[in-house]
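Encoded as structure tokens, the structure appears first; notes follow it.
Note that these values count all heavy atoms, side chains included, but never hydrogens, waters or copies made by symmetry. Every number for a ligand or one of its atoms is a count from 1 in the order of the listing.
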Amino acid sequence: MLQGRILTPGGWINGSIAFDQRIAGITEGPVGEGLTIIPGFVDLHVHGASGVDIMEGGDAGAVVARSHARHGTTALLGTTLTAKEDSIRHALQGLAGVIAQRPRHGARMLGVHLEGPFLNRRRLGAQPPDVVTGSRALVESYHAIAPIRVLTMAPEVTGHLELIPHLKDMGIRVQIGHSAGSYDDGVAAMRAGAAGFTHLFNGMSGMSHKEPGMVDVAMAHAEYAEIIPDLLHVHPGAMRAALRAIPRLYGVTDATSATGMPDGEYALGTQRVFKCMGCVRLATGSLAGSVLTMDQALRNFVSLGMEVAEASQRLSLFPADYLGESQRGRLAPGAWADIVVLDQSLHPVAVFVEGEAIPLS
Ligand SMILES: [Zn+2]
């Protein structure tokens, strides 16, 4: 049982929350210390942490799930990079084990975000150039190894538009990303069933009033899109524009293996990347994922003037709802006891994943 200011789907309640693996009840009552209790974070775009990349396969997913849990993430999607087919299979085999059994002291791995290889080679960002055209057979063979929940694709690549309804039927959320497509390409993709946008603004055709691109599609039509709130990938001004336009804009980290590590050289799939001054770059200087954690994302949102309740929704409730996870991302009786306790400076002082207390140091 915990006491404090508790964020429920109906708003703040002063009182106590009782739980084992699931939340038993929330009761109003007197509170002592001024602790803030919010739902655990749900991060739908995670490549790594603590020097380990999901593409390494094996136990990498467990290391990543433990590392992010210490920052309040209670559920996540292991995110693969564009790579040769056998490397992707190797990463998926590793993830399958972590998805089947939650690692002790780790966040729940809900499935896979397949970020590539079905991308536009002109908008690769930090992704290696091993792009291929997507096919139903290839996605089904990946899906048979580990459940794909989110798939990023460039819909303008020949053959991809026709693929979208099949992916949707498989229960996969199709996201537009790493795309050079036009406004019309994006609208067609959404009509075909694409539901989201991958790291909005980054790796896609930008806003233009004469030649609109994918950012315009998101602003004009999307209910959901992911964004990286590290205040480096997207300027606060552009973030504010997106917040006004996209009702359920939600934060992801896009965290790499350099997260939680000292400055230096790290792997991002087959690429070498360099961590320095709070960001990760290729040798060319372009941004290559982040070193963001979800608790920092919360503080960054709040630094833009956002209320804690809204910042929490954009890091827990909205991504959970987007994925159809109605028992996560919220503090309500019956839901999983995925809980973060924050001090007054919004740093986690306790984290629970499905009721298990996570050691924070
Ligand atoms: Zn990514």
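Under 4.0 Å is where a charged nitrogen must lie from a carboxylate oxygen, and between Arg136 and Glu162 no such pair does. For Asp321 and Arg330, the salt-bridge test passes: some basic side-chain N is under 4.0 Å from an acidic carboxylate O. A salt bridge is defined here as a Lys NZ or Arg NE, NH1 or NH2 lying under 4.0 Å from an Asp or Glu carboxylate O, and Arg102 with Glu356 meets this definition.
Listed by chain and residue number, the protein N/O/S atoms under 2.8 Å of the Zn ion (ligand 1) are His45 NE2, His47 NE2, Glu115 OE1, Asp254 OD1, with waters left out.
Taking the centre of each ring, Phe19 and Phe352 come in below the 6.0 Å mark.
Remark: the His233 side chain and the Asp230 side chain contain an N/O donor-acceptor pair separated by less than 3.5 Å.
Remark: of the listed residues Glu115, His199, Gln175, Glu115 is the sole one forming a side chain to side chain donor-acceptor pair (under 3.5 Å) with His45.
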